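Because the structure is predicted, anything quoted here is derived from the model rather than measured. First the proteins, then the strands, lettered A, B, ... as listed; each starts at 1.
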2 protein chains.
Amino acid sequence: MKKGGEPAPKTRLLRAAAALLAESNGEPVSTRQITQAARVTAPTLYHHFGDKEGLFDAVVAEGFSEYLDAERNLSASGQPIEDLRMHWDNHVQFGLDHPHLYLVMFGNIRPERRPSMVASAEAFLEEVLARAAAAARLVVSPHEAARSMLAANVGVTLMLIAEPAAKRNLELSAMTREAVISAVATDSEGDPTTDTEGTPSVVVAAIALNAALQSSHPDQLSSSELKLFLEWLQRISTRSGS
Amino acid sequence: MKKGGEPAPKTRLLRAAAALLAESNGEPVSTRQITQAARVTAPTLYHHFGDKEGLFDAVVAEGFSEYLDAERNLSASGQPIEDLRMHWDNHVQFGLDHPHLYLVMFGNIRPERRPSMVASAEAFLEEVLARAAAAARLVVSPHEAARSMLAANVGVTLMLIAEPAAKRNLELSAMTREAVISAVATDSEGDPTTDTEGTPSVVVAAIALNAALQSSHPDQLSSSELKLFLEWLQRISTRSGS
DNA sequence: TAGCACCTATAGCAGCGTTATATGAAGTGG
DNA sequence: CCACTTCATATAACGCTGCTATAGGTGCTA
C-alpha cells in the first residue's frame, strides 16, 4: 500500500485528528486545525470521510479496534469470572488512556447516530458472559448481564475521567466492579484447585456477617467470646492481599 | 417582582432555552434560535448570562433544583435502604424525563468546567448514605458508597437514554440498583421497630462465611485461632430455636 | 492520444458564538 | 425640570465554524 516515505492524505488526516483530539483537552477541534496539521485542504477531508463526524468516527474506530484487540488477547484465562474482572479493568483503563476517544464513544450519547462500536462492545461483553453462563456461573441472562455491567462500567469510567487525574481513586472501580459481578454471577465457590485467591468472597462474607452481628447479638456465644470473635472477624474483613 | 403580563427577557430567555433544548432532540441549539424565540437580541443574552454555557447552566440549575426538591420530599421513609432505592429510581426517572438536561449535566463531562450540581448531587446522595451508615447498614464509607452508586446510576441512566424510548427496559436499572446497593449496604432483612431478632440474616451470613472459609483459609488468623473461630461460626450457624 | 476515475485545491457560503458601540428607560439629587 | 448615573436592550459587525460548488491535476486503461 504505502512506503515509509509519506503517508497518504487520508492517513495524515486520521493521525492529525487523533493527535489534536488527544492534545486539546476535551475542547472541540476544528476541521481547519485538522486539515492544516495534515497539510491538506478542506475538500480532501470531506471526500474521504464525508463529514467531520465521519472522520471522528474513523478515529474512534481505530482506537476502538485496538481496544477490542487488547480485549481479545485477554480472555483466555479459562476462569469466566476472572475474565469479567479483566475486561472491566481493561475498559476503565482504555477510558483513562484515551479520554477524548472515550468521551466521543460513550459520552456523546445521542439517540440514533451513536457510534456502532458501543453496540459491538456490548456484544463482545455479552460473548464473554455467555462463556460464564456456559460454566453455570451466571444468575441472569448474558444479555441483561452485559447491559448492566457495561452501564456501570461506563458510569464509573466517566466519573473517573471527569475528576483530576491526581485525585483518581481506582477503588471506586474495583468496588463497583465487584458489586455488579456479584449481582450477575454466582460467587464461584467450587473450584479452588487453581484459585489462589478466593479471598474476596471470604471478605465479603465476613463483612456481611460483621454487619449482621451489629444489629443482633447471637445468644450462642458469650459476651467475651463474641468480643474475640468480632475482633477476628474484623481482621478477616481487612483484605491483606490485592 | 413580576405581574402575570409578560415575563422579563431574562425569564423568557430561560424558558425559550429550556423549550428549544427539550424539543430539538439532542442536536445543538444556537443562541440565535434562543434569542429569536425569546424575542430578544443577542447582547441581552450575554448581559444576563455572560455566555451560552452560562445560560445552559442556568437552565440546568432550574431543572436540577426541581429534581433536588423532589428528592428532598422523598427521603422521609425512615428506612435508609428503601430511601436509596427511591433516590436511585428518582435519578433515573429525572434522566428519562429531561434527557437533554441530563446529558448537559452528566454527559458533557469535561475535566474542570463540569456543572457544580454533579458535585451537589453526590453530596446529597452521600447525605442519604450517611443516614444509612448511622443505622449501621453500610459496609463502606458513605463517601465511597455515594461515588459508586452515583457512577452506576449515571451509567445506567445514560444507557437508558441512549436507546429508543420504546425499547427501554427498566429492569436494567432495577438490577444494577440492587447490585450496587447490596454491595454497599447490608441486606437488612427488614427489622422494623418491633422485631429486633434478625437472627436469620446472621445465620445466613455465618453460613456464607463458613462456606467461603472452606475453600480459602485467611492468613490473618493463626491456625489455632482459626480453629476456634470456625467452631464459633458453627455455633452461630445453628439456629437456637431449631 | 483520448477518456476516465480518482483525488486534491481555490474560493466562498451560511451559520455560529461573541462583542464594541450606541440607544433607551428608570431612578436620584440639585 | 434638568443633569446624572445605572441598568437593560438594540444595531452591526468580527472572526470563526462546518461545509461545498466548481475546477484542476494525476495516473491508469485503451
Close N or O pairs between protein and nucleotides 12-17 of chain D (under 3.5 Å):
unit_1, atom_1, unit_2, atom_2, d
dT17(D), OP1, S30(A), OG, 3.1

What integer distance in Å separates L45(B):CG from dT18(C):C1'? 10 Å

For this output row, return yes or no: ring centroids of F124(B) and H87(B) closer than 6.0 angstrom. yes

Within this structure, what is the CG-to-C1' distance between D57(A) and dG18(D), rounded to whole angstrom? 16 Å

Below 4.0 Å: OP1/OP2 of dT18(C) and any side-chain N or O of Y46(B): yes

For atom CZ of R39(A) and atom P of dC7(C), their distance in whole Å: 19 Å

In whole angstrom, give the distance that lies between atom CZ of F49(A) and atom C1' of dC19(D). 16 Å

Electrostatic pair R131(A):E126(A) at N-O distance under 4.0 angstrom: no

Does H47(A) make a side-chain N or O approach to OP1 or OP2 of dT20(D) shorter than 4.0 Å? no

Does the distance from a Lys or Arg side-chain N to an Asp or Glu carboxylate O, for E163(A) and R147(B), drop under 4.0 Å? yes

So that I can tick it off, tell me whether R85(A) and E82(A) are bridged by a salt bridge, with the cut-off set at under 4.0 angstrom between side-chain N and carboxylate O. yes

When you measure from the side chain of T157(B) to the backbone of N153(B), do you find a donor-acceptor pair of N or O atoms at a distance under 3.5 Å? yes

Would one find a side-chain N or O of T41(A) under 4.0 angstrom from OP1 or OP2 of dA9(C)? yes

Please work out whether the ring planes of F64(B) and F94(B) are parallel, tilted or perpendicular, with thresholds of 30° and 60°. perpendicular

